[in-house]
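Written out below as structure tokens is the structure these notes cover.
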Amino acid sequence: MKNDIEDRADIELMVDTFYGKVKESEILGFIFDDIAKVNWETHLPKMYNFWATMLLHERTYMGDPMSRHLELSERTEMSIVQYNEWLSLFYATVTDLFDGVKADEAKMRAERIARVMLSVIQGN
């Protein structure tokens, strides 16, 4: 039986597993590696903080992800295709690793984030 997302170690497992899938994605991998040129050593801890803030109420994330995504959308296509892939990989990661209230909350928050980001990028 799978456990729910309970602590920082669970967040790190979720984030590391998810971004491992993102890196391998034909739809998303090049955006992170070739367009954004993500430094994974700095990006992953930011994502740990982001999700720990969202799910564990740690208040460790300080950032503005919207502006970064807007900038990237000017350099490469970021449409429903990319956001559906992101969301699909995120859902699969959470579902494979966890089961419970926090896991459901993570998927719900990811869906909201994707919807808002896409809406802003498309100018809706």
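Bear in mind the structure is a predicted one, so any value in this text is a computation, not a measurement. Residue numbers count from 1 along this sequence.
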dist Ile121:CD1 -> Glu77:CD (nearest 0.5 Å) comes out at 11.0 Å
Please determine, by modelled atom types, if Asn49 and Arg59 share a side-chain donor-acceptor pair under 3.5 angstrom.
no
CE (Met117) and NE2 (His69) are apart, to the nearest 0.5 Å, by 4.5 Å
On a heavy-atom basis, the closest approach of Glu41 and Asn39 is N-OD1, 3.0 Å
_Under 3.5 Å: donor-acceptor pair, side chain of Lys37, backbone of Asp34_ = yes
In this structure, CG of Asp104 is separated from CZ of Phe98 (nearest 0.5 Å) by 12.5 Å
- Message: Less than 4.5 Å apart, side chain to side chain, heavy atoms only: is that true for Thr60 and Tyr48?
- Response: no
When rounded to the nearest 0.5 Å, the distance separating CG of Leu55 from CZ of Arg8 is 11.5 Å
Heavy-atom closest pair (Val94 atom, Ala106 atom, distance to 0.1 Å) is CG2-CB, 4.4 Å
Separation between CG (Leu89) and OG1 (Thr17), nearest 0.5 Å, reads 12.0 Å
So does Asp96 pair up with Lys21, basic N to acidic O under 4.0 Å?
-> yes
So CG of Asp64 and CG of Leu70: to nearest 0.5 Å the spacing works out to 8.5 Å
**Study point:** pair Ile35-Met78: side-chain heavy atoms closer than 4.5 Å
**Key:** no
Note: Ile27 and Ile31 closest approach over all heavy atoms is O-CD1, 3.8 Å
Correct closest heavy-atom pair for Thr93 and Met14 would be CG2-O, 3.6 Å
Handout entry: Carboxylate-amine/guanidinium contact Glu71 Arg75, below 4.0 Å
Key = yes
Taking atom types as modelled and ignoring hydrogens, do the side chains of Gln82 and Ser79 form a donor-acceptor contact shorter than 3.5 angstrom? yes
With a 4.5 Å heavy-atom cut-off, do Arg109 and Arg112 have their side chains touching? no
Original post:
Between Ile11 and Leu56, is any pair of side-chain heavy atoms under 4.5 Å apart?
Top reply: yes
Mind checking whether Val116 and Met66 have side chains closer than 4.5 Å, heavy atoms only? yes
ring-ring contact (aromatic ring centres under 6.0 Å, His included) pairs touching residues 6-28, sequence neighbours excluded, are Phe18-Trp86, Phe18-Phe90, Tyr19-Phe32, Tyr19-Trp40, Tyr19-His43
Inset, instruction - Return yes if a side-chain donor-acceptor contact under 3.5 Å exists between Thr95 and Lys2, otherwise no. - result: no
Taken in chain and number order and not counting sequence neighbours, the residues that satisfy ring pair (Phe, Tyr, Trp, His ring centres under 6.0 Å) with Tyr61 are Phe50
Quiz item: Can you check whether Ala103's main-chain N or O pairs, donor with acceptor, with Asp4's side chain at less than 3.5 Å?
Solution: yes
Would you please say whether a donor-acceptor pair under 3.5 Å links the side chains of Thr53 and Glu58?
-> no
